[in-house]
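Step one of this worksheet: look at the structure below.
Just so we're clear, the structure is a prediction, and the values are computed from it rather than from any experiment.
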Number of protein chains: 2
Amino acid sequence: MRRNKKERQALLTATINENPFVTDEELAEKFKVSVQTIRLDRLELSIPELRERIKTVAEKRFEDEVRSLPLDEVIGEIIDIELDQSAISIFDVKEEHVFKRNQIARGHHLFAQANSLAVAVINDELALTAKANIQFKRSVKLNERVVAKARVSKIDENIGRTFVEVTSYVNNELVFTGDFEMYRSKTN
Amino acid sequence: MRRNKKERQALLTATINENPFVTDEELAEKFKVSVQTIRLDRLELSIPELRERIKTVAEKRFEDEVRSLPLDEVIGEIIDIELDQSAISIFDVKEEHVFKRNQIARGHHLFAQANSLAVAVINDELALTAKANIQFKRSVKLNERVVAKARVSKIDENIGRTFVEVTSYVNNELVFTGDFEMYRSKTN
DNA sequence: CTACTCTTAGTACCTAGTCATAAGATCTCG
DNA sequence: CGAGATCTTATGACTAGGTACTAAGAGTAG
């Protein structure tokens with residue numbers, strides 16, 4: 001395992017990259033050099049210490065979590081709402097929403113925006129989607145901003161259903177339409 | 001901010017849970033008690049020290065890095081697939097997928113599972129959803145396992161469309177159906 | 001042989017703790 | 001009101017996994 005400096009440093013980078021949880025002591029053993037040498041190497045390669053490495057990994061996870069949590073609330077940001085009437089939300093298409101191959105947004109994100117807007121517009125504790133009829137008019141690309149508009153078209157108190165039409169646009173160009181039949185509780 | 005022990009410990013747990021990157025010193029300041037008190041609290045509540053907390057967060061990220069890649073591709077786990085024929089995926093409903101109020105899964109997750117399965121079953125580089133007609137037959141609850149089955153019903157080479165029917169079940173009980181009209185590129 | 005790089009060693013210091021002990025502060029109950 | 005229990009704070013010794021700096025020996029090239 002004893003190699004020259006260059007080789008060792010290359011391997012060191014690779015090793016730490018693969019497993020950032022490795023200590024200097026373990027690395028020293030692996031490469032049969034002293035701990036100090038490892039530290040000099042890290043210094044030269046500007047690789048931070050174990051704790052810093054772990055911290056950045058943890059922080060990244062945390063960031064991701066924050067991004068994935070709004071997936072639990074409303075997809076997109078509601079910018080206007082009149083209960084039982086209409087609502088508007090915007091949704092910015094980021095890396096994590098598109099197919100890597102062609103940068104086109106996955107359909108379920110557009111659906112999610114529209115569906116959660118349909119849920120939000122209903123003035124009720126409990127609103128669930130019963131049926132939906134949707135059309136993807138044109139594909140949405142990375143970094144585009146989707147504006148979804150929901151309009152309540154009919155409220156049928158008898159069968160406890162509310163009908164919501166959602167249309168989504170990118171730069172005033174229609175990209176998605178959906179007719180949602182929403183179930184609403186009669187508990188209020 | 002000075003409270004009795006019970007209150008403080010409850011808040012402490014919540015605070016650390018929300019932001020595991022907080023040190024004992026910061027917590028001491030926040031609750032206007034000494035660092036030692038915070039340490040006794042952590043001991044009683046068996047909350048590990050900062051570095052251990054950060055480490056477990058980082059380790060989790062590392063573990064599900066492998067899992068999160070397919071998760072970004074397909075919602076749910078594909079357990080069987082025959083391209084251009086049929087496919088099956090399972091999706092376990094967790095905390096983050098349900099409405100807090102009633103523990104019912106948000107519709108867009110069921111849609112996402114079905115939609116991404118419809119995308120996956122198509123033997124093509126580029127498959128996009130053009131239209132979909134969906135019905136939520138009964139609500140799905142927390143911790144239920146949804147099995148989605150996709151079946152390709154028709155391939156129209158002329159207009160470049162593939163029709164996929166997806167049915168989702170919980171314990172053999174139908175919870176969701178969807179008819180997807182998928183756009184497929186003619187490039188291959 | 002000298003000059004240079006590379007490697008190793010050692011010391012002081014740091015953070016964010018643990019563990020144990022002791023003592024002061026508060027509360028509770030008889 | 002006072003004694004005992006509980007809670008809080010302080011102190012000291014020790015830990016991992018480092019940084020920063022100085023110093024010295026080994027190996028090699030010119």
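Taking every side-chain heavy atom of V33(A) into account, dT8(C) is the closest of dT8(C), dG17(C), dG17(D). Side chain of S34(A), nearest nucleotide from dG18(D), dG17(C), dT8(C): dT8(C). Considering only the side chain of R42(B), dT18(C) comes nearest among dT9(D), dG17(D), dT18(C).
Judged by distance alone, with hydrogens and angles left aside, the side-chain atoms of E26(A) form a donor-acceptor pair with the main-chain N or O of T23(A) at under 3.5 Å. Side-chain N or O atoms of S46(A) include none that pairs as donor or acceptor with a backbone N or O of L43(A) at under 3.5 Å.
The interatomic distance linking E26(B) (CD) with dT15(C) (P) rounds to 13 Å, in whole Å. Spacing between atom CG of L43(B) and atom C1' of dG17(C) amounts to 12 Å, rounded to whole angstrom units. Taking atom CG of L27(B) as the reference point, atom P of dA16(C) lies 12 Å away to the nearest angstrom. The CD atom of E25(A) sits 14 Å away from the P atom of dT15(D) (whole-angstrom rounding). In this structure, L40(A) places its CG atom 12 Å from P of dA20(D), rounding to the nearest Å. Rounded to an integer number of Å, the gap from CD of E52(A) to P of dT15(C) is 12 Å. Look at CZ on R39(B): it is 12 Å from C1' on dA10(D), rounded to the nearest Å. Atom pair E49(B):CD and dC19(C):C1' shows a separation of 13 Å (rounding to whole Å applied).
Residue R53(A) is classed as having no contact, given no heavy-atom separation below 4.0 Å to the nucleic acid. Note on Q36(A): a base of the nucleic acid sits closer than 4.0 angstrom, heavy atoms only.
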* Quick one: do E173(A) and R138(A) satisfy salt bridge (Lys or Arg N to Asp or Glu O under 4.0 Å)? Show the steps, please. => CA-CA 9 Å; E173(A) 194 184 344; R138(A) 85 142 167 84; 3.1 Å; yes
* To do: Assess whether salt bridge (Lys or Arg N to Asp or Glu O under 4.0 Å) is satisfied between D92(B) and R145(B), documenting all intermediate values.
  => CA-CA 5 Å; D92(B) 291 312; R145(B) 166 167 289 185; 2.7 Å; yes
* Tell me, with the steps shown, if F111(B) and F180(B) meet ring pair (Phe, Tyr, Trp, His ring centres under 6.0 Å). => CA-CA 11 Å; F111(B) 175 83; F180(B) 293 86; 5.8 Å; yes
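In this structure, T37(A) reaches the dT8(C) phosphate: one of its side-chain N or O atoms is under 4.0 Å from OP1 or OP2. A close approach under 4.0 Å does occur between a side-chain nitrogen or oxygen of R8(B) and OP1 or OP2 of dT8(D).
Under 3.5 Å, the side chain of R51(A) and the base of dA16(C) form no donor-acceptor pair of N or O atoms.
Where K55(B) and D41(B) meet DNA chain D, the nucleotide closest to each residue was compared, and D41(B) sits on the side nearer the 5' end.
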